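Heads up, the thing below is written out as structure tokens.
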Amino acid sequence: MFRYKKIGYVALNVSDVEKSTEFYDQMVGLQHVETNEKGISFFRCSNDHHNLILYPSQEPGIKRVGFQLENDKQLELAYQEFVKNGLNPREVSQEEQKELKQGRTFRIVEPNTGLELEFYSKMMHMIKNFVPKHTKIQRLGHVVLNTVDVDSTIKFFTEQLNFIVSDHLGENAWLRCFPNPYHHSFALIKNTENKLHHVNFMVEDIDDIGIARNRVLNSDVPIAFGPGRHEPSESIFFYFLDPDGMTMEYSFGMEEFPEENARDARLLEPSPWTLDRWGGKPSPEFASKGKIEEKLSLIEK
Ligand SMILES: CC(C)c1ccc(C(=O)O)c(O)c1O
Ligand SMILES: [Fe+2]
């Protein structure tokens, strides 16, 4: 099976790119790289050209998630595997690759949720390091989806995409993209609707969490959950809402897995205390918004 480097970027549809650009730059603390002539806005928290893209849209939500493979050889292996399994990978045009500052890129549609997933190995490496404005963001951490058919979605990620389950909690699962060490770069939570649950950025220390809470409290940005501590990955978390009501998370600290002899996935107790060891409760708006952009699945289920 093919090998990942990491979750590379998330693309969101937003109703007002200018407003959201200010939010992700000033409130989240990502570096705004450029807004192009089509009104597409790029941000980074690393030397990658982008770790977040905002697309103008009437319907806010999630557009796609991009995964970086270890190298060109692994990318080709993934392509061959997808073709063999009838997943119909679609190569991204040269023109769009240029717009994205990426090398060879292809996409498939996850058949259970309709989310478009992208695979690439090369993205423009920016000369100047990411300089934190206020929050020492280390990386795009994970994306979580709500899914109606959670069993089939987990099966797809593990059997077709080479993800490994790090933990189960009831029917839900936290998954890592092998051999990336972090506890999860994707998670799947059962719901009555397929939609975005949240996007996570990992931060360097606990002060980033405490300072963020005060920054958000002193603004008109709604807090959605936390600060608290998650049982599965042991991270300290803080969630707040973006201008379209989509949930963003900062987290500090996360269990890491070795490539070989990693522990087996646990069956964690489905209890509110598992989600927050400190006993907090999410607001009703937590993880409530984030339509998945509809893409026709070409995969036979
Ligand atoms: C409440 C959500 C689904 C959640 C639960 C646990 C973790 C973790 O262990 O890191 C998360 O990151 C979450 O977002
Ligand atoms: Fe999370």
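Only a predicted model underlies this, so the values are computations on that prediction, with no experimental measurement involved. Order of appearance sets the numbers: ligands from 1, and atoms from 1 within every ligand.
- Phe238 has its ring centre no less than 6.0 Å from the ring centre of Phe252.
- Remark: Lys136 does not engage Asp207 in a salt bridge, criterion side-chain N to carboxylate O under 4.0 Å.
- Polar contact with ligand 1: present for His198 (N/O pair, distance under 3.5 Å).
- Salt bridge present: Asp48 and Lys6 bring a charged side-chain N and a carboxylate O closer than 4.0 Å.
- No other N/O/S atom of His142 lies as close to the Fe ion (ligand 2) as NE2 does.
- Annotation: angle subtended at the Fe ion (ligand 2) by Glu249 OE1 and His198 NE2 is 90°, to 10°.
- In this structure, atom 8 (C) of ligand 1 lies nearest to the protein heavy atom Ser233 OG, 3.1 Å.
- Annotation: cation-pi pair Arg104/Tyr79 present, NZ/CZ under 6.0 Å from the ring centroid and within 45° of its normal.
- Backbone and side-chain nitrogen or oxygen atoms of His197 are examined, and none is located within less than 3.5 angstrom of a nitrogen or oxygen of ligand 1.
- The existence of a salt bridge linking Glu294 and Lys291 is confirmed by a sub-4.0 Å separation between a basic side-chain nitrogen and an acidic carboxylate oxygen.
- In summary, His197 places no N/O/S atom under 2.8 Å from the Fe ion (ligand 2), failing the contact criterion.
- The N/O atoms of Trp174, backbone and side chain alike, include none that comes under 3.5 Å of an N/O atom in ligand 1.
- Here Tyr239 has side-chain heavy atoms under 4.0 Å from ligand 1, and that is the only part of it that gets that close.
- The option from Glu231, His183, His142 that lies nearest to atom 12 (O) of ligand 1, judged by heavy atoms, is His142.
- In this structure, Phe237 and Asn200 have side chains that are not in contact, with every pair of non-hydrogen atoms separated by 4.5 Å or more.
- Taking 4.0 Å as the cut-off between side-chain N and carboxylate O, Asp208 and Arg215 do not count as a salt-bridged pair.
- Counting heavy atoms closer than 4.0 Å to ligand 1, residue Ser235 contributes side-chain atoms (C-beta onward) but none from N, CA, C or O.
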